[in-house]
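We use all heavy atoms of the structure for the numbers below, so side chains are in, but hydrogens, waters and symmetry mates are not. First listed ligand is number 1; within each ligand, the first listed atom is number 1. Only a predicted model underlies this, so the values are computations on that prediction, with no experimental measurement involved.
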Amino acid sequence: TYKGVIFDLDGVIVDTAKFHFLAWRKLANDLGFDFTEEQNEQLKGVSRVESLKKILEWGELELSKTEFKRQMALKNENYLSYVAKMDEDEILPGVQKVINYLIKNNIPFALGSASKNARNILKKINLLEKFDAIVDGNDVSKAKPDPEVFLIAAEKLNIKPENSIVFEDSVAGVQAANNAKMMSIGIGGQKTLGEANYVFTDFTEIDIEFIEKLLTK
Ligand code: G6P
Ligand code: MG
């Protein structure tokens, strides 16, 4: 039986995945190359440093340490210019309903995100205080698909990994949940997230009865 829930942030609770894409793409374009939306799937759930390494490989570019750092800072600045405009209307459809259900039924839930901006974003959408635990890019040393972020989150919720449900929109994140022996629920395309235990296009496709069954059976 399942006793708690862990949410990824970007692309699950809010559609910041599109802002990450825009900001990374601008960086690539400024450096003189481009990458596709399909390649971008490989960046989802991946830390800032690892994302830039991948992008530079695609562009067949090498940067000095200083320039690498500068580009990362520029990307984040650009990304945060989008985040600055966010408010609770940015919470993706259907998410609030699930969160309300969890609160009402005293089911603990955590955030498990690779982002160092997670707390800032949760604050902007008025969800920061609702989570029982938050594990983000500042707390982990190993990136998804390593299960570290989710294992720490489950520990903080005081539940076992095998009693945890994870919502994820990234391939790396679904793999991280699977590696942690948690129930993985993919949010996005079946083609991309086929490794997940269940896949839904978005939260509007998830019935509360489905969650209820998982948590009570
Ligand atoms: C999430 C997103 C990635 C992002 C990473 C780091 O996992 O899916 O696209 O690169 O967090 O985010 P940050 O906000 O710290 O740059
Ligand atoms: Mg994500």
Which residue supplies the protein heavy atom nearest to atom 5 (C) of ligand 1, what is that atom called, and how far is it? Val46 O, 3.2 Å
Under a plain distance cut-off of 3.5 Å, with no hydrogens placed, do Lys75 and His20 share a side-chain donor-acceptor pair? yes
Classify the ring geometry of Tyr198 against Phe210: parallel below 30°, tilted from 30° to 60°, perpendicular beyond 60°. perpendicular
Which angle, to the nearest 10 degrees, do you find at the Mg ion (ligand 2) between OD1 in Asp169 and O in Asp10? 90°
Do you see a donor-acceptor pair shorter than 3.5 Å between the side chains of Asn178 and Ser184? yes
Does Val83 form a side-chain contact (heavy atoms from CB on, under 4.5 Å) with Asn117? I'd like the steps, not just the answer. CA-CA 9 Å; Val83 169; Asn117 296 305; 5.9 Å; no
What are the atoms of ligand 1, with element, lying closer than 4.0 Å to any heavy atom of Gly45? 2 (C), 3 (C), 7 (O), 8 (O)
Which of the numbered atoms in ligand 1 are under 4.0 angstrom from any heavy atom belonging to Lys44? 8 (O)
Which ligand 1 atoms are under 4.0 Å away from a heavy-atom of Lys116? 13 (P), 14 (O), 15 (O)
Which atoms of ligand 1 sit under 4.0 Å from any heavy atom of Leu43? 3 (C), 9 (O)
Between Glu38 and Thr36, do the side chains contain a donor N or O and an acceptor N or O under 3.5 Å apart? no
Measure up the Trp58 and Phe35 rings against each other and bin them: parallel (under 30°), tilted (30 to 60°), perpendicular (over 60°). tilted
For atom 16 (O) of ligand 1, the protein heavy atom that lies nearest, with its residue and separation: Arg48 NE, 2.7 Å
I'd like to know if Gly137 contacts ligand 1, where contact means a heavy-atom distance under 4.0 Å to any ligand atom. no
Ligand 1 to Asn117 polar contact by distance, N or O atoms, under 3.5 Å: yes
Ligand 1 and Asp8, any nitrogen or oxygen pair closer than 3.5 angstrom? no
Quiz question: by atom type and distance under 3.5 Å, do the side chains of Asn179 and Asp146 form a donor-acceptor pair? no
Please verify the inter-ring angle class for Phe167 with Phe7; under 30° counts as parallel, over 60° as perpendicular, anything in between as tilted. parallel
Which protein heavy atom lies closest to atom 13 (P) of ligand 1, and at what distance to 0.1 Å? Ser115 OG, 3.5 Å
State whether a side-chain donor-acceptor pair under 3.5 Å links Glu212 with Thr216. no
Taking 4.0 angstrom as the limit and counting only heavy atoms of Ser51, give me the atoms of ligand 1 inside it, by number and element. 10 (O)
protein heavy-atom neighbour closest to atom 2 (C) of ligand 1 works out as Asp10 OD2, 3.5 Å
If you check every N/O/S atom of Asp8, which is the one nearest the Mg ion (ligand 2)? OD2
